[in-house]
Number of protein chains: 2
Amino acid sequence: MKLNCKSQMISLNGKLYPCTTSITMDIIGGKWKSVILYHLKDGTLRYNELRKSMPVVTERTLSLQLKQLEKDGVVYRKEYSGKPPLRVEYSLTDLGQTLVPLLEMISAWGDTLAEAGGEVVSNR
Amino acid sequence: MKLNCKSQMISLNGKLYPCTTSITMDIIGGKWKSVILYHLKDGTLRYNELRKSMPVVTERTLSLQLKQLEKDGVVYRKEYSGKPPLRVEYSLTDLGQTLVPLLEMISAWGDTLAEAGGEVVSNR
DNA sequence: CGGTATCCTCGAAGATACTG
DNA sequence: CAGTATCTTCGAGGATACCG
């Protein structure tokens with residue numbers, strides 16, 4: 001059955017959504033999740049590599065967002081536990097991989113706007 | 001120049017973004033904007049028609065979100081002012097139309113998840 | 001290195017009532 | 001019909017310090 005977002009609610013994992021777009025936006029929306037996913041789309045990154053790619057995010061927020069992405073099944077967290085220094089790697093799951101075309105479209109649309117009126121401001 | 005979201009900031013309309021995905025998400029993100037846009041993708045709707053398509057949103061929130069979409073240039077507000085009853089129609093602008101493939105992809109991705117584990121809950 | 005713990009701010013969104 | 005006006009709540013995200 002194809003859901004069509006007309007005057008009905010959809011229940012998924014204990015949450016109620018008014019539209020299938022809301023489901024996707026719940027998973028990739030917010031200030032940071034699409035950015036994290038975009039950086040992971042080209043491969044595995046360690047926690048600190050992610051941090052360096054996103055200089056403005058705080059550690060706490062990055063950590064929280066990663067946990068949510070992990071819980072929603074789009075990001076995989078692999079911990080290589082030997083003695084410290086600890087090594088943790090993040091990557092997209094198979095489900096996360098299915099988001100890549102979407103992430104690229106989102107980025108491309110924003111890119112078009114930026115080309116028209118945007119400006120690169122800083123390099124760190 | 002193609003922007004790549006690596007350690008630089010992009011300035012657009014007085015806001016700073018860490019990534020081109022952030023630009024798009026700023027415009028279509030949040031709890032309601034993608035739902036509104038999805039409903040408008042098939043044509044013009046009056047304020048009350050939008051309300052009825054989205055029974056859980058409050059008037060205030062719908063009104064605020066529509067204003068932001070209008071300000072960001074993706075929604076067009078046309079007021080037919082005669083004497084009351086007032087008639088206002090909302091539709092996508094040309095820029096808004098370029099979001100349609102994206103909105104459909106967002107909806108389709110959520111739909112896939114819902115088919116796997118979701119459940120339609122109510123009919124109003 | 002890869003996080004937590006605490007505390008805090010601020011804006012998105014809701015409830016309800018009212019209006020041109 | 002198509003909103004505004006007020007007031008309130010709630011949670012995302014930030015600042016800073018500390019931990020295994």
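Any value given below was found using the heavy atoms of this structure, including those in side chains, with hydrogens, waters and symmetry copies removed. Residue numbers begin at 1 in each chain, while the letters A, B, ... track the order of the sequences.
A close approach under 4.0 Å does occur between a side-chain nitrogen or oxygen of B:Lys31 and OP1 or OP2 of C:dG14. Between A:Arg46 and C:dG2 there is a side-chain polar atom (N or O) within less than 4.0 angstrom of OP1 or OP2. For A:Lys67, a side-chain nitrogen or oxygen approaches OP1 or OP2 of C:dT4 to under 4.0 Å. Contact check, B:Thr58 against C:dA13: no side-chain N or O comes under 4.0 Å of OP1 or OP2. The phosphate of C:dT4 (OP1 or OP2) has a side-chain N or O of A:Ser63 nearer than 4.0 angstrom.
Within 4.0 Å (heavy atoms only), B:Glu79 reaches no atom of the nucleic acid at all. At the heavy-atom level, A:Tyr90 lies under 4.0 Å from the strands shown only through sugar-phosphate atoms. Counting non-hydrogen atoms under 4.0 angstrom, A:Lys33 reaches nothing in the nucleic acid.
Atom-to-atom, CG of B:Leu16 to P of D:dG14 comes out at 13 Å; the value is rounded to the nearest Å. Counting to the nearest Å, the C1' atom of D:dG14 and the CG atom of A:Leu62 are 13 Å from each other. Summarising the geometry, the separation between CG on A:Leu45 and C1' on C:dG2 is reported as 15 Å, rounded to the nearest angstrom. In this structure, B:Tyr80 atom OH and D:dG3 atom P are separated by 13 Å, rounded to whole Å. Distance B:Leu64 CG to D:dA5 C1': 11 Å, rounded to the nearest Å. Taking atom CD of B:Glu49 as the reference point, atom P of D:dG3 lies 13 Å away to the nearest angstrom. The CZ atom of A:Arg51 sits 13 Å away from the P atom of C:dT4 (whole-angstrom rounding). Going from atom OH of B:Tyr47 over to atom C1' of C:dG20 covers 15 Å, rounded to whole Å.
Looking at heavy atoms from C-beta onward, B:Glu59 lies out of side-chain contact with B:Leu62 at the 4.5 angstrom threshold. Side-chain contact between A:Glu79 and A:Leu86 is present, with at least one heavy-atom pair separated by less than 4.5 Å. Between B:Tyr80 and B:Val88, the closest side-chain pair of non-hydrogen atoms is not below 4.5 Å.
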Candidate pair B:Trp109 and A:Thr21, rule side chain to side chain contact (heavy atoms under 4.5 Å, CB included), full reasoning: CA-CA 8 Å; B:Trp109 196 86; A:Thr21 60; over 6 Å; no
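If you find the closest nucleotide of DNA chain C to B:Glu59 and to B:Gly29, the one lying nearer the 5' end belongs to B:Gly29.
Taking only side-chain atoms of A:Arg60, from C-beta outward, the nucleotide of D:dG13, C:dA15, C:dG20 with the closest atom is D:dG13.
A:Leu50 contributes atom CG, which lies 6.0 Å from atom CG of A:Leu66 (distance to the nearest 0.5 angstrom).
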